[in-house]
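For reference, the structure discussed in these notes is given below.
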Amino acid sequence: MIDAFELTKDYGTVVAVRDVTFHVGRGEVVGFLGLNGAGKTTTLRMLAGSLGPTSGRVVIAGHDLEREPLRARGCLGYLPEAAPLYPEMRVREYLEFRARVKSIRGSKVRAAAREAAERARVVDVMETLIGHLSKGYRQRVGLAEALLGRPPLLILDEPTAGLDPNQIHEVRELIRDLGADHTLLLSTHILPEVEATCDRALVIHRGRLVAQGTLEELRSQRTGSGAELHVRGDAQRARALLGELPFVRSVNLGAPREAAAPSAPTTELVELEVRFDAPPTEPETTAAATSGADVDGQIEDCVRALVNAGFGVRRAGPRRAALDEVFRSLTLPAAPDGERDATGGSAS
Ligand code: ATP
């Protein structure tokens, strides 16, 4: 549904976006994640056709945005970061006005406005002045505008920015609802937003795409390798034993999974988080080098050492990091230009 090829935007002294390439498939709900100033808005504006790229190409639903702008733009609804609403207009007037701007004509105007308002849950304020609406409602009016004409693709720039927690909840619910029958690309710098609404994420940092994949893929690509073990026995002894393995960098004790009887402390079931040393760095192979067979072998070595020393091992598997840890590893500390690059897919 979206194909971006080597998109670059140069604002003169600032290269806001450079060589960004990605694909969003039909029906996907994709988060476009980055810190403030990373280049999200610039990229989304180029996708929506409201900003021309310095170089690169955008294809929306098979239509090249430069060669077939009307067809391409007709397939998408765009909610800008600051939706240009007119405070002195009533919601119905505004939606009908925007429907006409989108080339909806005659008797279809009223029906289109009504349908979009129903989808965005603003029917109850149709006769209210936009200036009198709460910020949450105004955001939903912006969403209704994006929905006019039933575009199959929605591009939403920070749709929950500036909303209070209840409004955030409502807008996220609405996004999930819209995701059932639309392709969605939404930008955010808030990780829970991605976890709450998206199947997949693209991570942009300092204008470059630095990672993309499902949330699971991102976790496993960038967490640094390690193991999660549930071990029955003396926790401190297990920790010391694992710490002696040459590839183990650290061992953290989690909360006991089952309390031990005071008379038999060695029957306690504990959770251990083991972090492995990074393998020797080979340029461009970070993701592959920290996953797969090597890690499986290291986990096997941990289990063998524990079992040989008389520990019970209830569970052993790769460490799953929180998504915010992944995000930090991708965006902090700021890497010099060109040092970090895409870690997956077709990003460059
Ligand atoms: P935020 O979350 O803060 O909106 P963002 O990820 O959307 O950030 P952009 O707004 O795309 O980032 O900005 C990317 C970079 O380009 C920033 O360094 C910004 O200062 C710069 N920038 C954006 N618009 C312009 C402009 N019109 N002229 C010059 N520089 C700009």
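In listed order, ligands and their atoms are each counted from 1.
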Is there a protein heavy atom less than 4.0 Å away from atom 3 (O) of ligand 1? yes
Is a side-chain N or O of K40 found less than 3.5 angstrom from the main chain of G34, in a donor-acceptor match? yes
Backbone of D19 reached by a side-chain donor or acceptor of T8 within 3.5 Å: yes
Taking N or O atoms only and a 3.5 Å limit, does G39 qualify as a polar contact for ligand 1? yes
Closest protein heavy atom (residue, atom, distance) for atom 10 (O) of ligand 1: T41 CB, 3.7 Å
Polar contact flag for N36 and ligand 1 (N/O pairs, less than 3.5 Å): yes
If you have a sec, work out which protein heavy atom is nearest atom 1 (P) of ligand 1 and how many Å separate them, to one decimal? G37 N, 3.6 Å
Measure the distances from the heavy atoms of V17 to every atom of ligand 1 and state whether one is below 4.0 angstrom. no
I'd like to check E193 versus L186 (side-chain heavy atoms, cut-off strictly below 4.5 Å). Are they in contact? yes
T42 vs Y11, side chain to side chain donor-acceptor pair (under 3.5 Å): CA-CA, chis, key distance, verdict: CA-CA 10 Å; T42 302; Y11 283 119; 3.1 Å; yes
Going by the atom numbers of ligand 1, which of them fall below 4.0 Å from some non-hydrogen atom of L35? 6 (O)
F247 vs F276 aromatic rings, parallel, tilted or perpendicular, using cut-offs 30° and 60°? perpendicular
Has R150 got more than 12 heavy atoms of other residues, nucleotides or ligands less than 6.0 Å from its CZ? no
Around E66, counting heavy atoms of other residues, nucleotides and ligands shown, do more than 12 lie under 6.0 Å from its CD? no
Considering only heavy atoms of K40, which atoms of ligand 1 have at least one such atom less than 4.0 Å away? 2 (O), 5 (P), 6 (O), 7 (O), 8 (O), 11 (O), 12 (O)
Does one side chain, of E6 or S55, offer a donor that lies under 3.5 Å from an acceptor on the other? no
For E81, the ligand 1 atoms with a heavy-atom partner under 4.0 Å come out as 4 (O)
For E158, atoms of ligand 1 separated by under 4.0 Å from a heavy atom: 2 (O)
What's the shortest distance from atom 9 (P) of ligand 1 to any protein heavy atom, and which residue and atom give it? T42 OG1, 3.6 Å
Could you tell me, atom by atom, which parts of ligand 1 come under 4.0 Å of a heavy atom of A38? 5 (P), 6 (O), 12 (O)
Please name all residues satisfying ring pair (Phe, Tyr, Trp, His ring centres under 6.0 Å) with Y78, sequence neighbours left out, ordered by chain then number. none
Which residue supplies the protein heavy atom nearest to atom 27 (N) of ligand 1, what is that atom called, and how far is it? Y11 CE2, 3.6 Å
Could you tell me whether atom 31 (C) of ligand 1 has at least one protein heavy atom nearer than 4.0 Å? yes
Parallel, tilted or perpendicular, as decided by the 30° and 60° cut-offs, for the rings of F97 and Y86: perpendicular
Are any of the N or O atoms of T43 closer than 3.5 Å to those of ligand 1? no
Tell me the protein heavy atom at minimum distance from atom 16 (O) of ligand 1, and give that distance in Å. A16 CB, 3.3 Å
